[in-house]
Number of protein chains: 2
Amino acid sequence: MTAETPARGDGRGRAGLPDGPARLDDVDARLVAALREDGRATLATLAGVTGLSQSAVQARVRKLEARGVVTGYRAVVDPAALGLPLTAFVEIRPFDQAQEDDAPERVRSLPGVEACYSVAGEANYMLMVRVASPQALEELLGEIRREARVSTRSTIVLQTYFE
Amino acid sequence: MTAETPARGDGRGRAGLPDGPARLDDVDARLVAALREDGRATLATLAGVTGLSQSAVQARVRKLEARGVVTGYRAVVDPAALGLPLTAFVEIRPFDQAQEDDAPERVRSLPGVEACYSVAGEANYMLMVRVASPQALEELLGEIRREARVSTRSTIVLQTYFE
DNA sequence: TGTGAAAAATCTGTAAT
DNA sequence: ATTACAGATTTTTCACA
């Protein structure tokens with residue numbers, strides 16, 4: 001073999017689309033599913049799930065990581081056990097629409113802000129926050145408003161059925 | 001040792017509260033933080049982080065798992081790579097408030113529904129869904145409405161800053 | 001709880017098919 | 001992709017403070 005072997009096509013998938021998912025085949029899909037269920041599954045386990053050899057599984061998992069399909073591994077922790085039993089969704093929109101729109105950066109470092117999305121709708125952004133108490137939520141909302149100069153509209157989570 | 005050794009108090013924490021978080025000490029907190037960042041961190045790494053021996057760390061991690069503080073380990077997967085680039089929040093409320101309120105169970109099995117919360121506010125429940133396209137969202141919303149007999153109000157996610 | 005050490009299992013890299 | 005093998009790491013278990 002003298003020249004490089006292009007893995008699949010030109011790395012762009014279909015007609016000029018920015019490097020796409022590069023479609024997962026059946027085996028990859030099963031690996032991903034298994035790793036989503038148990039991020040610590042051993043190669044032996046994954047080999048069993050897919051019917052492939054351990055070596056083949058290892059190579060595939062590495063590729064999935066390298067391709068950015070699997071971006072990491074995390075322990076799932078009960079928020080209540082961390083002292084943050086209260087979850088809320090917070091929609092925010094700027095007081096003054098002329099101001100600079102850097103809300104995501106501004107709220108990122110506030111403790112308790114777990115996620116930030118820009119959304120289409122009445123609000124500009126949607127946050128998910130976890131706090132210790134209603135009082136803590138009140139304080140956090142104040143920080144959010146002040147830090148990002150926005151108004152907030154909160155939806156309190158009463159119960160999490162699954163996530 | 002003849003009788004069982006109660007781990008801490010009576011297992012209820014403070015005055016009759018239903019078995020609480022059992023407060024994490026400093027070391028546990030660091031372990032949890034490390035495992036949230038890297039769910040595959042080795043005992044050696046965790047020992048380094050905490051200054052404890054591997055055995056001690058292992059015992060603590062086991063207890064955190066047994067206590068339900070750490071509920072599992074998951075690979076983090078790029079939704080786009082799975083062919084689900086479109087995220088949305090869907091608020092739902094029943095058409096007829098007299099009907100049985102089993103929406104969470106009904107939507108649980110619908111593919112693409114990633115989370116379900118009951119909420120305080122105008123809606124009864126908030127869902128987070130991931131789908132392949134606007135068309136797929138339309139179809140999923142139809143299924144949700146039909147399956148759980150609810151009306152929906154959706155907020156499309158344009159960009160995920162962090163989660 | 002904790003430590004330390006030995007045994008068992010797992011991962012990694014390489015090579016031949 | 002598969003099998004096989006060796007060396008390094010990691011996990012597990014156990015004796016003991």
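Note: hydrogens, waters and symmetry copies are ignored here, and every other heavy atom, side chains too, is used. Below, chains carry the letters A, B, ... as their sequence lines are ordered, and counting in each starts from 1. Computed from a prediction, not measured in an experiment: that's the story for all the values here.
- In this view, B:Thr152 and B:Arg145 satisfy the side-chain hydrogen bond (donor to acceptor under 3.5 Å, both in side chains) rule, not counting sequence neighbours.
- Residue pairs meeting the ring-ring contact (aromatic ring centres under 6.0 Å, His included) criterion with at least one partner in residues 134-160 of chain A, sequence neighbours excluded, are absent.
- Every residue two or more places apart in sequence or in another chain that forms a side-chain hydrogen bond (donor to acceptor under 3.5 Å, both in side chains) with A:Asp102 is listed here: A:Arg106.
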Legend entry - Contact pattern, 5' to 3', of nucleotides 11-17 of chain C - B, S or - by protein heavy atom under 4.0 Å: SBS----
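- With side-chain heavy atoms closer than 4.5 Å counting as contact, directly or through intermediates, A:Val49 stands alone and belongs to no larger hydrophobic cluster.
- Residues satisfying the side-chain hydrogen bond (donor to acceptor under 3.5 Å, both in side chains) test with A:Gln54, not counting sequence neighbours, are none.
- For the helix from C:dT1-D:dA17 to C:dT17-D:dA1, the terminal axes (five pairs an end, C1' atoms, rotation from four pairs onto the next four) enclose an angle of 30°, given to 10 degrees.
- A search for salt bridge (charged side-chain N to carboxylate O under 4.0 Å, His left out) contacts involving B:Arg153 returns A:Glu122, B:Glu91, not counting sequence neighbours.
- Sorted by first and then second residue, the ring-ring contact (aromatic ring centres under 6.0 Å, His included) pairs with a member in residues 133-163 of chain B read A:Tyr125-B:Tyr161; sequence neighbours excluded.
- A donor-acceptor contact under 3.5 angstrom links the side chains of B:Arg130 and B:Thr87, judged on distance only.
- Here chain B contacts DNA chain D (any atom closer than 4.0 Å to a heavy atom, that is under 4.0 Å), and the contacts span D:dT10 to D:dT13 from 5' to 3'.
- With sequence neighbours excluded, the residues that form a side-chain hydrogen bond (donor to acceptor under 3.5 Å, both in side chains) with B:Thr45 are B:Thr42.
- With a 4.5 Å cut-off between side-chain heavy atoms of Ile, Leu, Val, Met, Phe, Trp and Tyr, the cluster of B:Phe89 takes in A:Phe89, A:Tyr117, A:Val119, A:Met126, A:Met128, A:Val157, B:Tyr117, B:Val119, B:Met126, B:Met128, B:Val157.
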